[in-house]
Amino acid sequence: MALFATCLTDTLYPDTAKAVVHLLERLGCEVDFPLDQTCCGQMHYNTGYRDDAEPLVRRYSEIFSGYDYVVAPSGSCAGMVREIHPTVTGTSPAVRRTYELSEFLVDVLGVTDVGAYFPHRVTYHPTCHSLRMLGVGDRPLRLLRAVRGLDLVELPQAEQCCGFGGTFALKNAETSTAMLADKMRRVQDTGAEVVTAGDNSCLMHLSGGLTRLRTGVRTVHLAEILASTEEQPWAATP
């Protein structure tokens, strides 16, 4: 199987990609990281540059065509591959074999208890693409409930967007900021130490706001929580 790290994770949050490898290898998977991988084309496509997205879409299919599975720590990018790539260049084996991390763990490996240990109060934000495009449902929650030491608290109005939306946050900054304020207030209402999600893009947006307000609430990707064990704490400290 192959890891599709995604641009944002590879550039800004490499520890998440490392956590995915660490977790999957612990579960007995052999993980490859194709060095020629590039962007899935989501940013280009979503801003109207379909012609510029097409070479990236074709490259994705070429790079990942030889793998049984492709796993991405991003519902957003996995959704782009599965739902949008076929409309650009047609369905390919790589597209059909692409999974968001929680999907792969629950549906392919058939596990919910991955042997993780994370003794913190955590709330979960279901990101829009994972929720509405991929339909991952409660898979991330099932994984989190099985983590030893983790106190999972429900996020009020969890399904509401955090306000990021990629370039939406730039083009509609005031609306995005208002949506972020609502989401941060609900996160704080839970009393959680950590807010987690399956997309670093949304976590980046949340982290910026929570940090500016000095709330003390940390953002940690789902993969980093699941990679943590009592013997090897991955994300247990700031």
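Because the structure is a prediction, the values reported are computed rather than measured.
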Kindly say whether A5 contributes a backbone atom to a donor-acceptor pair with the side chain of Q37 at under 3.5 angstrom? yes

I want to check something: taking the side chain as every heavy atom from C-beta on, are M80 and H85 in contact at a cut-off of under 4.5 Å? yes

Is there a path from L150 to V153 through hydrophobic residues (I, L, V, M, F, W, Y) whose side chains come within less than 4.5 Å of each other? no

Is R142 reaching over with its side chain to a backbone N or O of V111, donor-acceptor style, under 3.5 angstrom? no

So if you build clusters from Ile, Leu, Val, Met, Phe, Trp, Tyr with side-chain heavy-atom gaps below 4.5 Å, do I225 and L24 land together? yes

Stepwise side-chain contact (heavy atoms from CB on, under 4.5 Å) check, L155 with V195: CA-CA 9 Å; L155 179 64; V195 56; 5.5 Å; no

Polar side-chain atom of R82 near backbone of T98 as donor-acceptor pair, under 3.5 Å: yes

Rounded to the nearest 0.5 Å, what separation is found between the OG1 atom of T190 and the CZ atom of R121? 6.5 Å

Keeping the roles fixed (side chain from K183, backbone from A178), state whether a donor-acceptor pair exists under 3.5 Å. no

Ignoring hydrogens and geometry, is there a side-chain-to-backbone donor-acceptor pair from R97 to Y67 under 3.5 Å? yes

Going through the distances and angles, do E154 and T123 end up as a side-chain hydrogen bond (donor to acceptor under 3.5 Å, both in side chains)? CA-CA 6 Å; E154 183 178 355; T123 194; over 6 Å; no

For residues V136 and V106: do they belong to one hydrophobic cluster (side chain heavy atoms under 4.5 Å, members Ile, Leu, Val, Met, Phe, Trp, Tyr)? no

So, are E54 and R58 salt-bridged, with charged N and O less than 4.0 Å apart? yes

The reported gap from OG1 in T9 to CG in L203 (rounded to nearest 0.5 angstrom) is 9.5 Å

Are the side chain of S65 and the backbone of E62 linked by a donor-acceptor contact shorter than 3.5 Å? yes

Does L143 reach the side chain of V114, with side-chain heavy atoms less than 4.5 Å apart? yes

Between R186 and Q160, is any side-chain donor less than 3.5 angstrom from a side-chain acceptor? yes

Quick one: does I84's side chain get under 4.5 Å of C40's, heavy atoms only? no

Do L105 and T112 have side-chain heavy atoms sitting under 4.5 Å apart? no

Between E103 and V108, does a side-chain contact (heavy atoms from CB on, under 4.5 Å) hold up when you go through it step by step? CA-CA 7 Å; E103 288 182 311; V108 179; over 6 Å; no

If you apply the rule side-chain hydrogen bond (donor to acceptor under 3.5 Å, both in side chains), what do you find for E100 with S74, and how did you get there? CA-CA 6 Å; E100 180 268 342; S74 167; over 6 Å; no

Report the C-alpha separation of D32 and M1 in whole Å, then their side-chain angles, then the decisive distance to 0.1 Å, and conclude whether the side-chain contact (heavy atoms from CB on, under 4.5 Å) test is met. CA-CA 6 Å; D32 190 20; M1 62 161 295; over 6 Å; no

Counting only heavy atoms not in M43, do more than 12 sit closer than 6.0 Å to its CE atom? no

Closest heavy-atom pair and its distance - G115, T229: O-CG2, 3.6 Å

Checking D107 against Y99: is there a side-chain donor and acceptor pair closer than 3.5 Å? no

Look at the side chain of R59 and the backbone N and O of P55, then say whether any donor-acceptor pair between them is shorter than 3.5 Å. no

Verify whether the ring centers belonging to Y13 and H221 lie closer than 6.0 Å. no

If I take atom CG from residue L8 and atom CG from residue N200, how far apart are they, to the nearest 0.5 angstrom? 6.0 Å

Measure the spacing between CG of L222 and OG1 of T127 and express it to the nearest 0.5 Å. 10.5 Å

Side-chain heavy-atom pair R96, T91 within 4.5 angstrom cut-off: yes

For the pair R139 (side chain) and G135 (backbone), establish whether a donor and an acceptor sit closer than 3.5 Å, ignoring hydrogens and angles. yes

Hey, do the aromatic rings of Y49 and Y45 have their centres closer than 6.0 Å? no

Would you call R148 and D113 a salt bridge, taking side-chain N to carboxylate O under 4.0 Å as the test? no

Side chains of V71 and F4: does their closest heavy-atom pair fall under 4.5 Å? no

Are the side chain of S228 and the backbone of E224 linked by a donor-acceptor contact shorter than 3.5 Å? yes

Side chain proximity check, T211 to V217, heavy atoms < 4.5 angstrom: no

For the residue pair T38 / Y60, report whether a side-chain donor-acceptor contact shorter than 3.5 Å exists. no

Residue pair P73 / L3: nearest heavy atoms and the distance that separates them: CD-CD1, 4.1 Å

Specify the closest pair of heavy atoms between T219 and S207, including all atoms of both residues, with the distance to one decimal. OG1-CB, 3.4 Å

Any heavy-atom pair between the side chains of V20 and L101 that's under 4.5 Å? yes

Do the side chains of L226 and V122 join up, straight or via other hydrophobic residues, at under 4.5 Å, putting them in one cluster? yes

Would you name the heavy atoms of Y124 and G198 that are closest together and state the gap between them? CE1-N, 4.5 Å

Using a strict 4.0 Å threshold on nitrogen-to-oxygen distance, state whether R132 and E159 make a salt bridge. no

G41 and L56 have their tightest heavy-atom pair at CA-CD1, 3.8 Å

Going through the checks in order, is the side-chain contact (heavy atoms from CB on, under 4.5 Å) test met by R50 and H44? CA-CA 7 Å; R50 181 189 174 105; H44 309 71; over 6 Å; no

Distance col, row C128:SG vs L134:CG, nearest 0.5 angstrom, shows 12.0 Å

How many angstroms lie between atom CG of L23 and atom CG of L27, to the nearest 0.5 angstrom? 5.0 Å

S76 and Q42 side chains, donor-acceptor separation under 3.5 Å: yes

Could you pull out the closest heavy-atom pair between A19 and A227, with the gap in Å? O-CB, 3.7 Å

